Number of protein chains: 2
Amino acid sequence: MTSDCAACPVRRDSFCQTVPARDLKAHSKKRSFVEFKPRQTVMVEGEPATSLFIVTCGIVKLLRSLPDGRTQIVGFRQAGEYFGLGERDTYTTSAEAISGTRLCRFSRPDVAAMRRALPQLKKYMNRESLRQLTAAQDQVLLLGQMTAREKVANFLMVYGYRAPGDTARPQRLAKLPMSRSEIADFLGLTVETVSRMLAALANEEIIAIGQKTHSVHVLNPVALAGAARPGVAIARHAG
Amino acid sequence: MTSDCAACPVRRDSFCQTVPARDLKAHSKKRSFVEFKPRQTVMVEGEPATSLFIVTCGIVKLLRSLPDGRTQIVGFRQAGEYFGLGERDTYTTSAEAISGTRLCRFSRPDVAAMRRALPQLKKYMNRESLRQLTAAQDQVLLLGQMTAREKVANFLMVYGYRAPGDTARPQRLAKLPMSRSEIADFLGLTVETVSRMLAALANEEIIAIGQKTHSVHVLNPVALAGAARPGVAIARHAG
DNA sequence: GTAGCATCTTGATTCAGATCAAGACAAACC
DNA sequence: GGTTTGTCTTGATCTGAATCAAGATGCTAC
């Protein structure tokens with residue numbers, strides 16, 4: 001169950017840390033790993049909800065769509081987080097791999113059995129769904145009240161984390177795993193506006209944008225926090 | 001535990017239906033009812049999270065604020081629903097009574113004891129937090145992608161429910177419990193825009209607005225659903 | 001009654017962000 | 001190499017909703 005991808009940071013309180021792989025194995029009959037390439041669909045909104053997915057490696061986006069094609073990303077899921085089974089017997093979101101992704105898939109009865117047998121798993125899932133609720137409320141505040149500049153700054157505060165082991169000066173951020181249009185769909189903006197806001201922040205020397213890779217480097221974390229409004233941040237992995 | 005206010009509809013799967021009052025009483029040592037007047041504050045974002053509240057009667061709004069005063073309503077809670085204790089050890093939202101409200105308050109240890117002793121309560125709370133998550137994602141889609149007109153139409157589809165026993169023709173909706181400014185804070189709009197959109201819908205004879213009470217009457221549910229975009233609706237009691 | 005205050009509506013104007021349009025740049029292919 | 005294709009950036013213009021500003025209406029108190 002542990003991530004075998006050194007680049008994927010796993011939260012300390014995550015699934016993998018809470019429930020050792022061997023315990024899961026003992027109680028799950030149909031556990032199976034699934035791999036997804038970038039842009040590949042994992043599940044589709046409205047289809048029967050049969051599986052619970054746990055991210056082992058990579059990053060997945062959860063999305064909701066309107067009939068006319070407008071799409072909103074309601075959250076991201078990273079290593080150690082789960083998605084899939086929820087309130088209803090159909091999936092309430094679609095899911096798509098952003099980077100190359102490895103997921104652990106459990107059938108509904110397996111999940112029920114494991115929840116019964118492993119109290120620490122049940123506890124983890126309850127805590128995690130509360131965390132996802134708080135993150136979704138963060139996103140509601142962001143979408144409902146913030147300006148485009150504030151939205152982008154907040155996004156960078158949360159998702160522009162430094163890669164582990166990166167000690168370079170000036171402080172630099174890892175290449176964002178998501179594209180400009182994914183950032184836009186998450187923030188309720190257009191690609192053009194996201195690009196303009198990044199350009200503006202770069203112009204103020206708060207960030208620098210990599211010439212070739214489009215990666216984002218934070219030059220002035222304090223000013224970035226100011227642009228995001230102090231005391232306000234969306235939780236990582238909103239959802 | 002049952003609502004003693006006939007006007008407050010209680011969902012069939014709600015707290016009150018799931019867990020009989022006597023069972024709760026047996027396991028809770030410090031259970032107490034609290035009453036709130038309209039506009040009275042129940043809890044404040046950032047303060048230590050000590051209580052879980054269950055709405056017995058009335059309606060409560062949950063809100064998040066930015067340092068500069070901008071406020072976003074992240075959800076409403078009605079009879080049979082709970083709020084308060086969540087992911088963190090401080091409240092992540094403030095709560096304020098909209099109508100006159102009666103709440104049932106439980107201390108943290110009492111909640112833990114009851115969850116241990118009453119499996120149906122634990123199950124209800126898990127289900128309910130998943131429902132609140134789905135509702136919050138509905139709101140994210142609404143805030144991120146919908147126009148003002150669509151937002152207001154969706155809101156009416158969900159919160160403009162018919163009062164029980166109201167069989168009048170033409171179909172009429174109960175007076176909305178929340179003010180225009182509360183609708184605005186929930187939809188990420190301004191009061192003026194909400195008022196204008198309601199006026200526009202009234203002008204198209206999709207709804208009628210009560211002259212004295214500002215209550216909203218639906219004249220043409222089909223057209224209203226059209227304005228909200230078919231197949232898209234925010235779940236009641238978004239949260 | 002009417003005075004005071006809060007809420008709601010309506011109109012005029014402004015502006016942030018969307019839309020439309022054109023290039024710039026990069027990775028993938030032959 | 002050159003061509004194709006997709007993503008990103010930049011500029012010009014448009015527009016939906018915010019803002020600013022009056023009024024209208026309703027509620028409460030006296």
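All chains are named by letter (A, B, ...) in the order of the sequence lines, taking the proteins before the strands, and each is independently numbered beginning at 1. Quick caveat: nothing in here was measured; it's all calculated off a predicted structure.
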Residues [X], [Y]: salt bridge by 4.0 Å N-O rule:
{"X": "B:Glu87", "Y": "A:Arg131", "value": "no"}
{"X": "A:Asp185", "Y": "A:Lys61", "value": "no"}
{"X": "B:Arg77", "Y": "B:Glu128", "value": "no"}

Let me check something: any side-chain donor-acceptor pairs from residues 186-203 of chain B under 3.5 Å, sequence neighbours excluded? List them with distances.
{"residue": "B:Thr190", "atom": "OG1", "partner": "B:Thr193", "partner atom": "N", "Å": "3.4"}
{"residue": "B:Thr190", "atom": "OG1", "partner": "B:Thr193", "partner atom": "OG1", "Å": "3.0"}

*So, does A:Thr56 use its side chain to make a donor-acceptor pair with the main chain of A:Leu103 at under 3.5 Å?*
no
*Judged by atom type as modelled, is there a donor-acceptor pair below 3.5 Å linking the side chain of B:Gln139 to the main-chain atoms of A:Gln137?*
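No: the side chain of B:Gln139 does not pair with the backbone of A:Gln137.
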Polar atom pairs (N or O), protein with nucleotides 13-15 of chain D, under 3.5 Å:
none

Between [atom2] on [N] and [atom1] on [X], what's the gap in Å once rounded to a whole number?
{"X": "B:Arg70", "N": "D:dA18", "atom1": "CZ", "atom2": "P", "answer": "13 Å"}
{"X": "B:Glu182", "N": "C:dC8", "atom1": "CD", "atom2": "C1'", "answer": "14 Å"}
{"X": "A:Met146", "N": "D:dA18", "atom1": "CE", "atom2": "P", "answer": "17 Å"}
{"X": "A:Arg180", "N": "C:dA26", "atom1": "CZ", "atom2": "P", "answer": "13 Å"}
{"X": "A:Lys151", "N": "C:dA16", "atom1": "NZ", "atom2": "P", "answer": "14 Å"}
{"X": "A:Glu150", "N": "C:dA16", "atom1": "CD", "atom2": "P", "answer": "12 Å"}
{"X": "B:Leu176", "N": "C:dC8", "atom1": "CG", "atom2": "C1'", "answer": "14 Å"}
{"X": "A:Ile183", "N": "D:dC8", "atom1": "CD1", "atom2": "C1'", "answer": "11 Å"}

*asked:* Using a 4.0 Å cut-off on heavy atoms, which residues in residues 189-208 of chain B reach DNA chain D? List them by number, or say none.
replied: B:Leu189, B:Thr190, B:Glu192, B:Thr193, B:Arg196
*Tell me, with the steps shown, if A:Leu224 and A:Met157 meet side-chain contact (heavy atoms from CB on, under 4.5 Å).*
CA-CA 7 Å; A:Leu224 183 64; A:Met157 299 275 300; 3.9 Å; yes
*asked:* For residues 135-154 of chain A, which residue pairs pass the ring pair (Phe, Tyr, Trp, His ring centres under 6.0 Å) check, not counting sequence neighbours?
replied: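 Not a single pair qualifies under ring pair (Phe, Tyr, Trp, His ring centres under 6.0 Å).
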_Under 4.0 Å, heavy atoms only, any strand: does B:Gly188 hit a base, just the sugar-phosphate, or nothing?_
sugar-phosphate
*Would you please name every residue forming a ring pair (Phe, Tyr, Trp, His ring centres under 6.0 Å) with B:Phe53, sequence neighbours left out?*
B:Phe83
_Which heavy atom of B:Phe36 sits nearest to which heavy atom of B:Ala97, and what is that distance?_
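Closest approach of B:Phe36 to B:Ala97: CB-CB, 3.8 Å.
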*Smallest separation among heavy atoms of A:Gln145 and B:Leu66, with atom names*: CB-CD1, 4.1 Å
*Enter the inter-axis angle for the ends of the helix from C:dG1-D:dC30 to C:dC30-D:dG1 (five pairs per end, rounded to 10°).*
40°
